[in-house]
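These notes concern the structure reproduced below.
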Amino acid sequence: MRHIISVLLENEAGALSRVAGLFSARGFNIESLTVAATNDETLSRMTIVSVGNDGIIEQIVKQLDKLIDVVKVTDLTATEHIERELLLVKVDVDQNTQADIDKQIDEFSAKIVDVSEDTYVIELAGKSRKINEFLDSLDASKILEVSRTGVTGVCQRRES
Amino acid sequence: MKLNGAQILVNSLHREGVDHIFGYPGGAVLHIYDALDSQDDIMHILVRHEQGAAHAADGYARASGKPGVVLVTSGPGITNAVTGIATAYMDSIPMVVISGQVPSPLIGNDAFQEVDAVGITRSCVKHNFLIKDINKISSTIKKAFHIATTGRPGPVLIDIPKDITIAQVDEPTYADTIDMRSYQPVVKGDSGQISKAVDLIIGAKQPIIYAGGGCVIGNAYQELREFTRQLNFPITQTLMGLGAYPANDELFLGMLGMHGTYEANMAMHDSDCVIALGARFDDRITANIDKFCPTAKIIHIDIDPSSIGKNVAVDVAIVGEVKMVLQDLISALKDKKTADISTWWSLIAKWRSVDSLAYKTKEGVIKPQTVIETLYEITKGKAIVTSDVGQHQMWAAQYYHFDEPRRWINSGGLGTMGFGLPAAMGAKLAFPDMDVACVTGEGSIQMMTQELSTMLQYNTPVKIINLNNGYLGMVRQWQEFFYEKRYAMSYMEALPDFVKLSESYGHIGIKVEKEDDLKPAMIEAFKQKDRTVFLDILTDPSENVFPMIPSGAGHNEMLLAGRDKMASTNDEGLNLV
């Protein structure tokens with residue numbers, strides 16, 4: 001099953017490689033990983049999407065918690081949470097396809113953030129599933145470049 | 001007063017109570033060596049190879065319980081030490097390794113003797129640091145010792161660029177304590193879980209205590225003894241746990257696992273309640289995991305939450321220091337009545353009567369088991385015994401009946417050949433008045449003979465018990481059983497003359513070829529209190545370690561010496577190591 005694991009850790013050099021190294025050394029799977037500093041600049045927030053059975057996810061959480069730099073690990077999937085991912089996609093646009101692309105953009109509430117003579121750069125934020133659906137709705141032969149941030153998430157309730 | 005980084009480093013080590021450093025100098029650490037030279041509080045042991053430094057510090061730590069300290073230079077200095085660091089990591093040994101690094105401006109430039117020490121060691125240390133600021137030296141040392149010695153102990157590396165050791169600042173104020181928001185190991189067990197454990201314990205009809213290295217490392221042996229005797233439960237120990245509970249006590253069933261006793265493994269298999277204390281259900285212990293303890297409720301007490309439920313699902317998990325949790329269990333069980341387990345004890349007595357460690361002697365051949373029994377007799381079971389890795393390690397574990405903790409020092413997790421000799425040196429430095437023996441083989445010892453030179457320089461008299469059978473014995477045993485006796489590369493030709501070798505290093509060498517000479521030679525060796533003696537003992541090349549659980553088999557499918565046909569395994573088993 002897919003889990004979103006949120007890790008609060010010391011904003012130290014090398015902290016990312018400790019986490020990445022842990023996943024590769026123990027054979028855990030990473031679907032996506034995002035990281036940035038928090039409002040407290042001494043702390044970073046890392047959001048990892050991984051797939052595994054309960055036993056594997058339990059080990060992932062415990063092994064992350066064991067890292068000295070890690071302050072807190074939360075399996076967001078186990079709580080009510082918000083997850084979002086940002087997509088930037090560059091597509092070919094010509095007279096024949098423009099109307100169709102505009103319609104999809106409208107339908108998914110996506111945003112055109114750059115327009116050139118024959119391309120659009122489109123921005124869309126949402127759940128990963130929504131982003132997948134949007135990409136599926138476009139003519140694959142017109143997609144020039146896809147860049148996704150991977151999932152970030154937050155627990156809905158106030159945490160203790 | 002202005003001090004340079006090297007002086008602050010050395011002062012910080014002194015404040016942590018460091019009295020021995022095992023190391024080897026080089027360009028990046030010259031300032032640190034200069035600072036060491038102008039003080040007398042810390043003794044530096046100059047090894048002959050950095051791997052030896054890490055193993056010696058490890059042996060010192062295992063014997064004394066204090067963290068071992070290693071100092072090496074950048075590049076090859078630290079890469080040579082990596083095997084020793086990984087050895088300590090696998091067995092949860094407290095260690096602090098200081099490695100020099102090229103000057104900060106050169107980092108990343110492929111400078112002379114530059115490696116990414118923090119990157120290379122990341123997966124075999126509990127934590128590591130690269131010091132980038134001279135003002136953080138003392139606090140980093142404080143953190144390193146705190147991390148290395150608390151929770152589940154382990155090695156911590158501090159990489160320090162040369163320019164940081166040279167820069168000068170006002171002497172810092174050294175902190176006495178440290179608080180890390182990201183590192184707060186649990187000490188006390190959860191009381192709810194403890195009462196669940198109590199319920200299982202008092203209802204158990206076929207209980208067994210399975211104690212591991214955590215009982216030694218966590219100094220929980222007094223509590224372990226009290227707990228076991230309070231319940232009158234049978235107890236088995238892992239390779240790493242030996243000595244925590246006295247081997248000569250009637251409640252002790254011997255070691256369990258791949259080369260454990262018949263009674264210990266059968267009792268594990270048939271148990272209805274396994275109490276695991278500071279043990280991690282390693283594959284050498286569980287054998288085939290699908291056949292492991294099929295009828296038991298399992299209580300697992302460990303300091304490391306990630307050890308719980310990793311290999312085996314447990315019924316009651318208690319995270320905490322084994323020592324503290326045992327104290328709570330002892331008081332919680334005080335007024336409780338446990339179930340009658342006399343039937344269980346009579347079943348165990350039957351298994352015991354199989355006498356699974358019995359072996360046949362042969363005229364004109366020295367049996368390796370006899371050597372260990374003789375060592376036990378001559379030292380009255382009171383020596384510190386280190387070992388290398390292989391058959392001799394198993395025989396030492398089986399036939400030297402350890403009654404006290406921290407007397408049995410071996411590389412259990414990583415299985416590092418070459419560990420025994422430097423570890424013996426480290427143990428001897430920690431306890432100069434104790435007899436220290438290194439049980440080894442002609443394969444293992446050749447991985448570290450250069451340390452004989454260090455042992456002369458620092459006068460650390462150790463007795464080397466070399467079980468010389470001309471084979472890499474454990475490899476040969478597996479080839480005999482599982483590879484149709486194709487002995488690929490397990491035979492050693494052109495062995496050195498170990499007597500001359502040890503003499504050339506200034507020690508005494510004695511070759512023992514006949515069984516009649518064994519005991520007198522051993523007595524002579526231990527009479528030489530101030531000399532290292534190398535006993536090169538020619539032992540039966542065909543002897544195998546029994547009992548044995550072949551790969552893929554369960555605890556109740558052991559092979560016993562002289563009673564079972566040749567061991568066999570299936571394809572699944574051959575995939576395991």
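This one's a predicted model, so the numbers in the text were calculated from it and none came from an experiment. Order of the sequence lines fixes the chain letters, A, B, ..., with proteins taken first and strands second; residue numbering starts at 1 for each chain.
- Panel note: side chain A/Thr38, backbone A/Asp40; a donor-acceptor pair is recorded below 3.5 Å.
- If you look at B/His127 and B/Tyr183, their ring centroids are not closer than 6.0 Å.
- A/Val49 places none of its side-chain heavy atoms less than 4.5 Å from the side chain of A/Glu85.
- The choice from A/Val70, A/Leu22, A/Ile68, A/Val71 that makes the most heavy-atom pairs within less than 4.5 Å of chain B is A/Ile68.
- In B/Lys196, the NZ atom is not crowded: 12 or fewer heavy atoms of neighbouring residues, nucleotides or ligands sit closer than 6.0 Å.
- Contacts with chain A (heavy atom to heavy atom, under 4.5 Å) involve these residues of residues 304-317 of chain B, listed by number: B/Asp304, B/Pro305, B/Ser306, B/Ile308, B/Lys310.
- B/Arg122 touches chain A through its side chain: at least one heavy atom from C-beta onward sits under 4.5 Å away, while N, CA, C and O do not.
- Salt-bridge formation is detected for the pair A/Glu83/A/Arg2: a Lys NZ or Arg NE/NH1/NH2 atom is positioned less than 4.0 Å from an Asp or Glu carboxylate oxygen.
- A/Ser24 does not touch chain B: none of its heavy atoms, backbone or side chain, sits under 4.5 Å away.
- Contact of B/Lys132 with chain A is made through the side chain alone, with heavy-atom distances under 4.5 Å.
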Please evaluate residues A/Asp94 and A/Thr97 with respect to the criterion side-chain hydrogen bond (donor to acceptor under 3.5 Å, both in side chains), reporting the C-alpha separation (whole Å), side-chain torsions for both, the decisive distance (0.1 Å), and the verdict. CA-CA 5 Å; A/Asp94 56 42; A/Thr97 58; 3.2 Å; yes
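- Two residues are said to be in side-chain contact when any heavy atoms from C-beta on lie closer than 4.5 Å; B/Val156 and B/Val125 fail this criterion.
- Interface residue A/Glu58: only side-chain heavy atoms are found under 4.5 Å from chain B.
- Side-chain atoms of A/Ile101 and A/Ile122, non-hydrogen and from C-beta on, do get closer than 4.5 Å to each other.
- Taking CD1 of B/Ile160 as the start and CD1 of B/Ile131 as the end, the distance is 4.0 Å to the nearest 0.5 Å.
- When each of A/Thr42, A/Ile56, A/Val61, A/Leu9 is scored by its heavy-atom pairs under 4.5 Å with chain B, the top score falls to A/Thr42.
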